[in-house]
Amino acid sequence: MSHKLTRRQMLHLSAIAGTGALAAACAPASPAAPAQPTPAAAEPTSAPAAPAPTEIPTATPSAITSREVPRNRTLSLTFGWGGQYTNHGLTNPFQVQEGHPLLWEPLFYYSIFADKEIPWLAESGKYNDDYTELTITLREGPEWSDGVPITSADVKYTLDLIATNDKLNYHAQFQEFVNEVTAPDDRTVVIKLKSPNPRFKFEMLSFKFDTGIPIVPKHVFEKVPDILDFPGGNDIVHSGMFNTFQTPQQKIWDVRDDWWGFKIGFQPKPDVQRVTMIPMGDMTIAAQRVVNNECDSCLDLRPSLIRTVVQENPKIITHTGRDEPLGYIDWWPNSLWVNTALEPYSNPDVRWAMNLAIDRDTIDKVVYNGAKITTIFPYPEYPGLRKYLDPVRAKGEQLVRRFDLQESAARMEKAGFTKDAEGFWVKDGQRVNATIHGFESIHADITPVLVEMLRRGGFEAAINFGSDAYNNMAEGKPGLYLFGHGASVLDPYATMELYHSRFAAPIGTATGGNRFSRYSNAEFDAIVDEMRVTAPGDPKLNELFEKAIDIYWTDMIDIPMVQWLHRIPYNQTYWTNWPTQENPYVNGAFWALTFPLIVMGLKAVEQ
């Protein structure tokens with residue numbers, strides 16, 4: 001580019017890109033309650049790292065600060081809110097995820113778009129016939145950054161730590177499923193389960209998106225009095241291919257020549273020699289840096305902003321190149337959830353009436369520039385899931401995608417509602433509270449359109465982007481909750497489990513795990529319980545899923561709205577071979593646990 005964009009120019013351009021279409025969506029719009037400003041994202045409260053106790057082993061301090069690395073060997077990223085990092089030096093993987101995939105490694109990776117397991121510290125993991133025992137065989141050669149071999153003792157220590165510490169992620173699952181972990185030799189780990197669990201390896205031991213367990217060094221962590229009070233520091237012993245140096249202004253990771261994967265020929269050295277990360281400030285500043293070639297990528301952007309970024313720099317692409325929808329499907333498809341235990345949302349006819357008032361085709365046209373982003377499923381459309389979704393797709397499209405205000409009205413009349421003088425549905429003197437609770441930073445594009453459609457269908461809709469939005473969802477307050485499903489990515493069980501009655505928290509108590517529906521149906525529970533012990537790939541799972549999704553649609557447990565998109569800009573000035581739909585070797589979120597697969601895939605542009 002011949003000049004650099006300023007923040008003012010970026011704001012102006014993105015505002016132009018975002019107007020017009022939205023205004024035309026449902027004009028003239030009925031007045032809605034004014035949106036509440038979204039509070040600034042809370043910064044991590046962890047204190048800066050203190051030096052590790054002398055008795056805790058550390059790796060040899062790196063010479064990161066004095067090393068010169070060319071720009072086309074430096075991957076520059078913008079990530080993290082606020083003007084500076086308050087979690088710098090916090091490298092304990094049980095405390096922070098930001099950048100820790102470059103330091104910590106799993107037994108397995110899973111590449112979502114390739115639908116492929118990638119063994120890493122382990123070379124294999126095999127179940128017995130009834131899925132009550134899993135045998136892990138470790139790769140020969142991995143070692144910690146201090147040269148100590150990685151053995152089954154480290155894996156057993158890590159898993160036992162999770163099983164015994166109720167403050168760690170996955171503790172509840174380990175309590176439920178794990179009977180015993182043994183290490184019969186240095187390369188073998190045997191996990192005995194309390195009941196059949198064909199998904200344990202995938203859900204617990206594999207890095208994908210934000211989930212999976214990192215393996216930690218026993219000889220370091222067993223000396224720590226309190227795991228969650230151990231910051232780690234820049235020189236923590238780790239297994240990954242990078243060392244780190246972190247300050248409040250910047251985080252740096254430099255490739256280490258003595259990484260075990262290079263030594264044994266498991267992986268070639270990447271073109272990326274250094275990764276730098278600076279705080280975002282806000283999305284507009286982050287976008288400006290990418291357009292100006294100051295950074296190579298940033299956190300995913302909203303529709304109008306990503307369009308501006310692509311238009312302003314011909315070197316910038318996305319997962320879909322320079323074409324809509326300018327991103328890839330994330331594992332968080334959004335629905336309009338309701339508290340199905342609370343009147344009037346407890347009536348399936350009311351939930352169906354709201355669904356019938358929503359014109360998904362218009363949303364695709366107006367909000368997503370014609371890209372088919374609205375959905376009939378609470379599932380992300382990934383390769384591993386399509387074998388389950390495709391057989392029921394035609395039925396779902398015909399049933400759920402309908403936009404029919406007449407049928408919507410008939411459903412409401414059946415439920416005992418009539419319209420008042422202003423055209424809103426009312427029963428016993430009460431209108432249906434259709435306030436949409438959501439988050440301005442991610443939902444500002446679609447929510448006004450949904451509000452207008454619901455109001456035209458007779459529902460008193462408004463927007464709440466206030467600081468209480470999430471608590472209202474968790475506590476089951478009146479209204480609609482625009483939120484995603486962080487569940488199934490490989491097979492349909494995990495998403496259906498969200499609606500199991502064992503998670504139907506009583507009204508007045510908060511739901512856990514973002515299971516907002518409080519749905520209860522004994523027939524549905526029995527199907528989901530059978531899905532739980534049926535392995536992915538078993539034809540029986542298809543049959544069970546068809547029964548479960550039929551109940552989901554019939555009862556309209558929540559109203560499926562849109563596939564969620566990660567609209568991540570990739571600047572090709574210094575780096576090519578970003579993961580795209582033409583080359584989908586992994587999802588492109590560098591903040592996900594699969595980040596090292598991106599690092600190894602990128603190719604430097606020779607200057």
Side-chain angles (χ1 to χ4, degrees), residues 1-2 4 62-79 98-103 105 109 111 113-114 118 120 240-246 250-278 286-300 309-310 312-322 328 566 568-607:
M1 294 182 64
S2 59
K4 291 190 174 184
S62 64
I64 286 179
T65 53
S66 62
R67 182 177 176 183
E68 293 293 331
V69 179
R71 178 63 179 90
N72 69 333
R73 293 295 186 272
T74 300
L75 179 63
S76 178
L77 305 170
T78 302
F79 183 69
E98 191 174 277
H100 94 55
L102 299 180
L103 301 178
E105 297 176 308
Y109 283 105
S111 174
F113 291 114
I118 304 171
W120 205 255
M241 73 174 74
F242 285 80
N243 289 324
T244 191
F245 178 81
Q246 304 182 7
Q250 184 174 223
K251 296 184 178 184
I252 302 172
W253 292 266
D254 272 5
V255 72
R256 59 185 182 95
D257 294 334
D258 62 346
W259 180 55
W260 66 266
F262 303 149
K263 287 183 178 181
I264 69 172
F266 174 56
Q267 296 290 334
K269 288 186 179 179
D271 286 359
V272 176
Q273 296 178 16
R274 170 173 288 175
V275 177
T276 64
M277 197 176 288
I278 58 176
Q288 174 190 335
R289 288 171 176 162
V290 178
V291 169
N292 292 341
N293 302 328
E294 296 164 12
C295 283
D296 302 306
S297 188
C298 67
L299 192 68
D300 60 311
V309 166
V310 170
E312 289 300 307
N313 189 334
K315 289 284 190 179
I316 294 176
I317 61 168
T318 68
H319 182 81
T320 53
R322 297 175 61 80
Y328 67 83
H566 270 170
I568 306 172
Y570 308 134
N571 191 315
Q572 298 186 103
T573 300
Y574 298 105
W575 296 102
T576 62
N577 204 47
W578 294 93
T580 65
Q581 64 181 358
E582 302 300 326
N583 184 23
Y585 58 91
V586 72
N587 60 298
F590 59 82
W591 54 92
L593 295 176
T594 46
F595 181 29
L597 302 182
I598 300 175
V599 168
M600 289 183 290
L602 290 174
K603 300 301 178 186
V605 175
E606 297 303 328
Q607 301 296 302

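With hydrogens and angles disregarded, a donor-acceptor distance shorter than 3.5 Å links the side chain of Asn571 to the backbone of Thr573. In this structure a side-chain-to-backbone donor-acceptor pair under 3.5 Å is missing from Thr594 to Leu597. The backbone N or O of Asp271 sits nowhere less than 3.5 Å from a side-chain atom of Gln273 that would complete a donor-acceptor pair. Proximity of a side-chain donor or acceptor of Thr318 to a complementary backbone N or O of Thr320 within less than 3.5 Å is detected.
When each of Tyr574, Tyr570, Trp575 is checked for a side chain to side chain contact (heavy atoms under 4.5 Å, CB included) with Leu602, only Trp575 meets the rule.
For the pair Thr244/Leu102, no side-chain contact is recorded, criterion being any heavy-atom separation below 4.5 Å from C-beta on. Annotation: side chain of Val586 is in contact with side chain of Ile598 (closest heavy-atom distance under 4.5 Å). Residues Val275 and Val272 meet the side-chain proximity criterion, which asks for heavy atoms closer than 4.5 Å. Side-chain contact between Arg289 and Ser76: absent, with no pair of heavy atoms (C-beta onward) separated by less than 4.5 Å. At a threshold of 4.5 Å between non-hydrogen side-chain atoms, the residues Ser297 and Ile568 count as touching. Counting heavy atoms from C-beta outward, Arg67 and Arg274 have side chains that approach closer than 4.5 Å.
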If you look only at distance, which donor and acceptor atoms sit under 3.5 Å apart when one is on a side chain in residues 260-270 and the other is two or more places apart or in another chain?
residue : atom : partner : partner atom : Å
Trp260  : NE1  : Glu105  : OE1          : 2.9
Trp260  : NE1  : Ser239  : O            : 3.4
Lys263  : NZ   : Glu143  : OE2          : 2.5
Lys269  : NZ   : Asp257  : OD1          : 3.3

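Two rings, from His100 and Trp253, have their centers 6.0 Å or more apart.
Scanning both residues, Asn577 and Gly601, for their nearest heavy atoms gives ND2-O, 2.5 Å. Summarising the geometry of Ile316 relative to Arg322, their closest heavy-atom pair is O-NH1, 2.7 Å, with the distance given to 0.1 Å.
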Apply the test side-chain contact (heavy atoms from CB on, under 4.5 Å) to residues Asn313 and Asn293: give CA-CA distance (whole Å), side-chain angles for both, the deciding distance (0.1 Å), then the verdict. CA-CA 9 Å; Asn313 189 334; Asn293 302 328; 3.0 Å; yes
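Judged as a ring-ring contact (aromatic ring centres under 6.0 Å, His included), and not counting sequence neighbours, the contacts of Phe113 are His319, Tyr328, Tyr382.
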